[in-house]
Amino acid sequence: MPAHEEHDPAQKLHRIRHSLAHVLAQAMQRLRPGATLGFGPAIDDGFYYDFILPEPLADDDLPRLEELMREIIAEGQPFTQEELPGAEALARLEAMREPHKVEYARELLEKKGLATLGFYTNGPFVDMCEGPHVASTKELPRDAFKLHAIAGAYWRGDNDNAMMTRVYGWAFATKKELREYEQARAQALLRDHRKLGAELDLFTIDDEVGRGLALWLPNGAVLCDELEKLAREWEFAAGYQRVRTPHLTRGILYQKSGHLSLYKAAMYPPMKLDDEDTAVLVSEARRALPEGEAWDPELTGAYFLKPMNCPHHHRVFAARPRSYRQLPLRLAEYGMVYRYELSGSLQGLTRVRGMCMNDAHIYLTEDQIQAEFLRVMDLHRRYYDLFGFKDYFLRLSCWDPDDPKGREKYVNDPPAWERSQGYIRAAMQELGLPYEEVKGEAAFYGPKIDIQFKTVGMKEFTVSTNQLDFAVGKRMGLSYVDRDGLDKVPYIIHRAPLGTHERFVSFLIEHYGGAFPTWLAPVQALVLPLSEQFLPYAERVAEALRARQLRADVDRSDEKLGKKVRLGATRKIPILLVVGEKEQADERVTVRRYGIEEQRSLPLAALVEQVEGEVRARKHVRAWADLDAS
RNA sequence: GCUUGUGUAGCUCAACGGUAGAGCACAGCUUUCGUAAAGCUGAGGCUGUGGGUUCGAAUCCCACCACAAGCUCCA
């Protein structure tokens with residue numbers, strides 16, 4: 001290995017983690033003789049190894065595995081490396097009875113064209129592996145790793161393959177770093193939106209309603225309302241028009257849009273009605289569908305919960321003749337959609353089955369694509385600046401021409417895919433923000449820019465999306481009359497900068513740790529009367545705020561001020577207003593702002609004006625100076 | 001859907017084969033109070049659901065439901 005790597009801490013840690021994976025595998029072969037191997041890489045916070053086990057593994061086995069690992073470390077086994085020619089390597093793996101390693105070796109030799117394969121040996125353990133590793137197991141920390149989870153994982157990430165048993169470990173260079181990591185993790189989980197959602201009465205998910213179907217409690221509904229208000233204002237300014245569409249739709253629409261052939265797995269099953277004669281619909285569908293496309297006439301007249309708003313907006317577009325003069329035509333709706341997500345993937349508000357989407361569809365000509373795509377990205381950026389998001393990245397999600405399942409996942413029109421991706425690349429270059437290009441993440445109808453966030457649990461999710469659709473306009477028979485008097489098919493941009501209420505709010509909760517800026521806060525100001533005797537004045541203060549549409553309430557409990565302050569702070573209410581004799585006498589309030597040490601006394605009228613101003617400007621006040629500045 | 005776990009009062013947890021308990025929250029009373037938890041009293045649980053083992057089950061076993069961490073899939 002090059003000398004400089006020796007001193008690079010990241011490289012060194014990577015070698016430690018990867019070597020620990022091998023130690024884990026050796027320990028597993030002692031604990032479960034006959035275990036065979038999958039992959040065992042280093043990852044962001046440690047390592048894992050995948051196995052096929054003769055006997056299942058339980059959590060109770062992890063301490064024993066750790067013990068065995070420590071023994072192996074104590075033995076000080078040196079790692080030795082060798083390169084074997086392809087045939088010899090295969091023969092060795094066959095002799096080792098490692099079927100998955102053999103499969104992978106074949107692929108490396110045949111598809112990637114490698115001539116030799118590397119093997120690493122430490123003690124009795126041999127693994128086909130690229131390395132690098134530490135020189136000896138004695139370089140591995142004995143107390144800076146911890147096996148923390150057993151999970152199933154499909155061989156090579158394909159659910160048609162065997163499910164292997166994956167053991168995860170955290171690993172660091174020192175015990176102190178491991179402890180710090182565990183503490184930081186526990187700290188982060190205090191911001192988990194599921195925990196805060198319960199503590200702050202934001203939402204609940206109820207078995208009797210259904211898995212993945214969130215109920216917004218009054219406090220959470222305020223967050224949704226404020227987001228909708230924001231979207232309404234900014235979209236209005238950006239030239240969008242609002243529409244409204246129903247939750248239920250006949251199958252014919254999704255047959256024409258392609259959802260029933262390409263998206264059916266994620267749709268709730270059809271509702272069939274006996275008393276409707278759908279013969280006319282069926283013959284219409286037969287005429288409209290592309291030649292040779294398989295379809296089920298039984299579904300044409302059945303009703304579906306809508307998994308996307310697009311087809312409805314397309315019908316709005318088609319409801320009137322359209323001229324090129326109207327383009328780009330921007331139709332917006334916070335629309336509720338339902339998707340039958342796999343039960344195991346549901347997670348709080350982050351992954352649900354019913355969601356309200358900040359949706360809009362923009363119908364445009366080919367030469368308008370680049371400029372409009374940029375305008376949409378700019379809208380995204382302005383939203384993110386408002387919320388102060390910094391920790392996200394952009395992903396250009398492309399189709400994957402080599403995906404064996406591509407025919408079931410993507411509209412089959414390779415030139416259109418390439419052209420559309422070209423437009424997005426050009427727009428992104430003009431935008432000048434870095435992005436990562438990833439194959440196989442496109443929508444079925446076109447490529448998109450996804451904005452990726454991480455939860456406090458470090459799971460990555462798409463929160464916003466900006467998509468270019470070259471396919472569905474044609475399928476749906478959409479057209480506008482162009483300058484030359486001919487009918488043309490519009491391109492369509494699908495965009496959702498604020499994602500869905502469910503996922504977006506889950507990120508907002510975690511981003512702010514539940515301490516929302518005043519404009520978003522469910523309760524913006526809580527008035528704390530010093531004692532019962534000041535209750536009437538407290539009510540007057542709250543009423544003065546409510547008269548300006550500010551969400552104010554009074555703590556009417558029979559508690560001491562200290563308790564009321566504590567409770568108000570625990571609820572992360574941005575503004576607490578203490579009123580007692582002094583305040584009542586001068587028509588003033590004592591203002592205590594969340595997270596700000598200094599309290600100020602203000603005349604009631606000035607307070608109302610101040611809060612009204614900060615809410616109108618959607619300011620995030622973190623210090624009194626933020627207000628003084630304006 | 002799959003793998004491995006976890007389900008006890010509204011919340012956080014205890015009881016680990018022998019009569020379900022605490023703190024907070026809730027209700028009543030006392031107190032009327034100046035900046036992060038006043039005091040007393042009370043109510044609240046068929047231990048996720050359904051079976052089984054046992055003289056006896058929150059505790060052991062099975063199935064189902066839900067949740068968590070992963071895999072797959074996705075906003």
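Letters A, B, ... are given to chains in the order of the sequence lines, protein chains preceding strands, and every chain is numbered from 1.
Atom CG of A:Asp60 is separated from atom P of B:rG5 by 7 Å (rounded to the nearest Å). Rounded to an integer number of Å, the gap from A:Phe461 CZ to B:rA75 C1' is 10 Å.
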Where do N or O atoms of nucleotides 61-70 of chain B meet protein N or O atoms at under 3.5 Å, pair by pair?
{"residue": "B:rA66", "atom": "OP2", "partner": "A:Arg211", "partner atom": "NH1", "Å": "3.3"}
{"residue": "B:rC67", "atom": "OP2", "partner": "A:Arg211", "partner atom": "NE", "Å": "2.5"}
{"residue": "B:rC67", "atom": "OP2", "partner": "A:Arg211", "partner atom": "NH2", "Å": "2.4"}
{"residue": "B:rA68", "atom": "OP1", "partner": "A:Arg194", "partner atom": "NH1", "Å": "2.9"}
{"residue": "B:rA69", "atom": "OP1", "partner": "A:Arg194", "partner atom": "NH2", "Å": "3.0"}
{"residue": "B:rG70", "atom": "O3'", "partner": "A:Tyr168", "partner atom": "OH", "Å": "3.1"}
{"residue": "B:rG70", "atom": "O2'", "partner": "A:Tyr168", "partner atom": "OH", "Å": "3.0"}
{"residue": "B:rG70", "atom": "N2", "partner": "A:Gly152", "partner atom": "O", "Å": "3.3"}

Atom pairs, protein N/O to nucleotides 40-50 of chain B N/O, distance under 3.5 Å:
none

Give every pair of a protein N or O atom and an N or O atom of nucleotides 32-34 of chain B that lie under 3.5 Å apart, one pair per line with the distance.
{"residue": "B:rU32", "atom": "O2", "partner": "A:Glu532", "partner atom": "N", "Å": "3.0"}
{"residue": "B:rU32", "atom": "O4", "partner": "A:Glu532", "partner atom": "OE2", "Å": "3.4"}
{"residue": "B:rC33", "atom": "N4", "partner": "A:Asp558", "partner atom": "OD1", "Å": "2.7"}
{"residue": "B:rG34", "atom": "O6", "partner": "A:Glu581", "partner atom": "N", "Å": "3.1"}
{"residue": "B:rG34", "atom": "O6", "partner": "A:Lys582", "partner atom": "N", "Å": "3.3"}
{"residue": "B:rG34", "atom": "N1", "partner": "A:Glu583", "partner atom": "OE1", "Å": "3.0"}
{"residue": "B:rG34", "atom": "N1", "partner": "A:Glu583", "partner atom": "OE2", "Å": "3.3"}
{"residue": "B:rG34", "atom": "N2", "partner": "A:Glu583", "partner atom": "OE2", "Å": "2.6"}

Check nucleotides 13-17 of chain B for protein N or O atoms closer than 3.5 Å to its own N or O atoms and list the pairs.
none

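Shown here are the ring-ring contact (aromatic ring centres under 6.0 Å, His included) partners of A:His18, two or more places apart in sequence or in another chain: A:His22, A:His133. Checked against salt bridge (Lys or Arg N to Asp or Glu O under 4.0 Å), A:Glu581 has no partners two or more places apart in sequence or in another chain. Residues meeting the ring-ring contact (aromatic ring centres under 6.0 Å, His included) test with A:Phe172, sequence neighbours left out: A:Tyr181. Residues meeting the side-chain contact (heavy atoms from CB on, under 4.5 Å) test with A:Asp44, sequence neighbours left out: none. Applying the salt bridge (Lys or Arg N to Asp or Glu O under 4.0 Å) test to A:Glu199 and every residue at least two apart in sequence or in another chain returns A:Lys195. With sequence neighbours excluded, no residue forms a ring-ring contact (aromatic ring centres under 6.0 Å, His included) with A:Tyr537. Residues passing the ring-ring contact (aromatic ring centres under 6.0 Å, His included) test with A:Phe145, sequence neighbours excluded: none.
Stem regions annotated for RNA chain B: B:1-7 with B:65-71, B:10-13 with B:21-24, B:26-30 with B:38-42, B:48-52 with B:60-64, counting only runs of 3 or more consecutive pairs of Watson-Crick or G-U type with both contacts under 3.5 Å.
Residue A:Ala198 is out of contact with every strand shown, counting any heavy-atom pair closer than 4.0 Å. Backbone-only contact: A:Leu57 has heavy atoms under 4.0 Å from sugar-phosphate atoms and none from a base.
Of the possible polar contacts, one joining the A:Arg375 side chain to the A:Ala238 backbone as a donor-acceptor pair under 3.5 Å is found.
For B:rC74, the base has no donor-acceptor partner in the side chain of A:Arg339 [N/O atoms by modelled type, under 3.5 angstrom].
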